[in-house]
Number of protein chains: 2
Amino acid sequence: MTFPVGEIVASRRPHRKDAARNFDALLDAAREAFAAHGADASLEDIARRAGVGIGTLYRNFPTRRALFESVYADEVDELCRVADEVAGLEPWEALTTWLRRFTEYMVTKRAVREALNDESEIFQACRESMHGAGGPLFERAQAAGEARKDMDFVDLLRMVAGITATAFDDDAQRDRVLAIALDGVRTTAR
Amino acid sequence: MTFPVGEIVASRRPHRKDAARNFDALLDAAREAFAAHGADASLEDIARRAGVGIGTLYRNFPTRRALFESVYADEVDELCRVADEVAGLEPWEALTTWLRRFTEYMVTKRAVREALNDESEIFQACRESMHGAGGPLFERAQAAGEARKDMDFVDLLRMVAGITATAFDDDAQRDRVLAIALDGVRTTAR
DNA sequence: CTTGAAGCGGAGGTGTGCCTCCGCTAGAGT
DNA sequence: ACTCTAGCGGAGGCACACCTCCGCTTCAAG
């Protein structure tokens, strides 16, 4: 089941044309900055890259946390949408396709984790939302005898998250390593 | 084969008693700080925790990089020693035992990676040294038919490194996930 | 015990990021 | 076209980390 976390962000988007444009530019710049510099990207730098003044950043996102949450919620929303899209594929195929998209999401997630030590409301909602979206894919694979039964969805996400967070020599190596680990998941059901 | 990277650090250790004590305290404090705060741990904070003035830190480690390298080299040295110790165990057992120690080392490594974008001499030496130590363990497991042959030692390290770098709910979960991924490595040789 | 030099520590100058505040700009409703 | 208000931007005060420099301390060799 998909829960529209993204709407939380959408509802904060200003109505005036210029303001809305700035809002979007800030989110984009922030996503990039978090991917590149992690949790301690400079807010002033984000504003600069978005082509707006620092004041505008603070008006839209009063705290550092608010900015993180918005970028994060946006990403989760996209992830839920993908889960719906792959619903028609074969069980194992659907799961791995979704996991591939999940790895991209992890770039943002890592920065958020770093920044938000304690659990915020949105963070909690996103977690639930994501589990609601991806969990069934995994359970379907288990039911089809394609995934081992002595692990749960959280274990799987942690594994994939970890592997894709490291620096690899090239994409080929990352895919190879991920495939090997997934072989462990596929190992005849126990 | 073990290459004594640690001696590079040992050779920099001052001779005077108080100076040597400070040197050690700084390395300890730095290791802790890097583990806790990553690459951007405050040098002033490290000096404070070590109970020395900031000047003393800079005398021993003129640049941020020098401090990172020393902590890192120390850790690698330890890792090489462990590789020798497990040489007597069964192939698979030896490999996994060493990998367990490797996961601890990763905490330091991650901070170093963050800090040292470009490749330094010591960094290179450490990599070689570590491969010299751990590589044979993996090859022995491959030869014994305990590890798949369509991956190399670097792939394995990346996988383990990634998995152990993520935050887990508890140690049990981390061990479980790591075991599953290693099942993928063990999968009947191809 | 004496003494010289190796080593100590932290004050202080510089840079950078955080966040607030307020005079100015430009969109939207009439 | 006019207005009025939501929204803009960036100057500036504060905090903190980096790194240098130099007068004081303490080790250890003779």
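Just so it is clear, the model here is predicted, and its values are computed rather than measured. Per chain, numbering begins at 1; letters A, B, ... match sequence-line order.
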Q: Mind checking what makes salt bridge (charged side-chain N to carboxylate O under 4.0 Å, His left out) contact with A/Asp28, not counting sequence neighbours?
A: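 A/Asp28 satisfies salt bridge (charged side-chain N to carboxylate O under 4.0 Å, His left out) with A/Arg31 once adjacent residues are dropped.
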Q: What's the CG-C1' distance between A/Asn60 and D/dG7, to the nearest Å?
A: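 After rounding, the gap between these two atoms is 9 Å.
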Q: Specify the angle, to 10°, made by the local axes at the two ends of the helix from C/dC1-D/dG30 to C/dT30-D/dA1 when five pairs are taken at each end.
A: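 If I round to tens, the end axes sit 30° apart.
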Q: Counting only pairs under 3.5 Å, give me each side-chain donor-acceptor contact of residues 156-170 of chain A, with atom names and distances, residues two or more places apart or in other chains.
A:
unit_1   : atom_1 : unit_2   : atom_2 : d
A/Arg158 : NE     : B/Ala167 : O      : 3.0
A/Arg158 : NH2    : B/Asp169 : OD1    : 2.5
A/Thr164 : OG1    : A/Val160 : O      : 2.9
A/Thr164 : OG1    : A/Ala161 : O      : 3.3
A/Thr166 : OG1    : A/Ile163 : O      : 2.8
A/Asp169 : OD1    : B/Arg158 : NH2    : 2.6
A/Asp170 : OD1    : A/Ala172 : N      : 3.1
A/Asp170 : OD1    : A/Gln173 : N      : 2.8

Q: Can you pull the ring pair (Phe, Tyr, Trp, His ring centres under 6.0 Å) pairs that have at least one residue in residues 34-54 of chain B, sequence neighbours excluded?
A: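 For residues 34-54 of chain B: B/Phe34-B/Phe68.
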Q: Please set out all donor-acceptor pairs under 3.5 angstrom arising from side-chain atoms of residues 102-110 of chain B, sequence neighbours excluded.
A:
unit_1   : atom_1 : unit_2   : atom_2 : d
B/Thr103 : OG1    : B/Arg100 : O      : 2.5
B/Tyr105 : OH     : B/Tyr72  : OH     : 3.1

Q: Distances under 3.5 Å only, N/O to N/O: pair up the protein atoms with those of nucleotides 26-30 of chain C.
A:
unit_1 : atom_1 : unit_2  : atom_2 : d
C/dA28 : OP1    : A/Lys17 : N      : 3.1

Q: Salt bridge check: are B/Arg148 and A/Asp183 linked by an N-O gap of less than 4.0 Å?
A: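 Result for this pair is yes, salt bridge flagged.
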Q: Each nucleotide in nucleotides 9-22 of chain C should get exactly one letter: B, S or -. Can you fill that in based on protein heavy atoms under 4.0 Å?
A: BBB-----BBBB--
Q: Could you pull out all residues at least two apart from B/Asp24 that satisfy side chain to side chain contact (heavy atoms under 4.5 Å, CB included)?
A: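 With neighbours one apart ignored, the set is B/Arg13.
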Q: Can you list everything that forms a salt bridge (charged side-chain N to carboxylate O under 4.0 Å, His left out) with B/Asp175? Sequence neighbours excluded, please.
A: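 Listed in chain order: nothing, the list is empty.
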Q: Roughly, in whole Å, what's the span from CZ in B/Phe61 to P in C/dG7?
A: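 So the CZ-P distance, B/Phe61 to C/dG7, works out to 13 Å.
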Q: Between A/Arg13 (CZ) and D/dG7 (P), how many Å, whole number?
A: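 In whole Å, D/dG7 P lies 13 Å from A/Arg13 CZ.
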Q: Rounded to whole angstrom units, what separation is found between the CG atom of B/Leu57 and the P atom of D/dT20?
A: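 It is 12 Å, rounded to the nearest whole Å.
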Q: Can a salt bridge be assigned to the pair A/Arg81 and A/Glu85 using a cut-off of 4.0 Å between side-chain N and carboxylate O?
A: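 Between A/Glu85 and A/Arg81 there is no salt bridge, as every charged N stays at least 4.0 Å from the carboxylate O atoms.
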Q: Kindly write out the residues that satisfy ring pair (Phe, Tyr, Trp, His ring centres under 6.0 Å) with B/Phe138, not counting sequence neighbours, or none if the list is empty.
A: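 Applying ring pair (Phe, Tyr, Trp, His ring centres under 6.0 Å) to B/Phe138 gives none.
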Q: Can you sort out the partners of A/Asp45 under salt bridge (charged side-chain N to carboxylate O under 4.0 Å, His left out), two or more places apart, ordered by chain and number?
A: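 Checked A/Asp45 against salt bridge (charged side-chain N to carboxylate O under 4.0 Å, His left out); matches are A/Arg48, A/Arg49.
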Q: Name all residues meeting the side chain to side chain contact (heavy atoms under 4.5 Å, CB included) criterion together with A/Glu90; count only those two or more places apart in sequence or in a different chain, and write none if there are none.
A: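 A/Glu93.
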Q: Could you state the CG-C1' distance from B/Leu26 to C/dG7, rounded to the nearest angstrom?
A: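 For the pair B/Leu26 CG and C/dG7 C1', the rounded distance is 13 Å.
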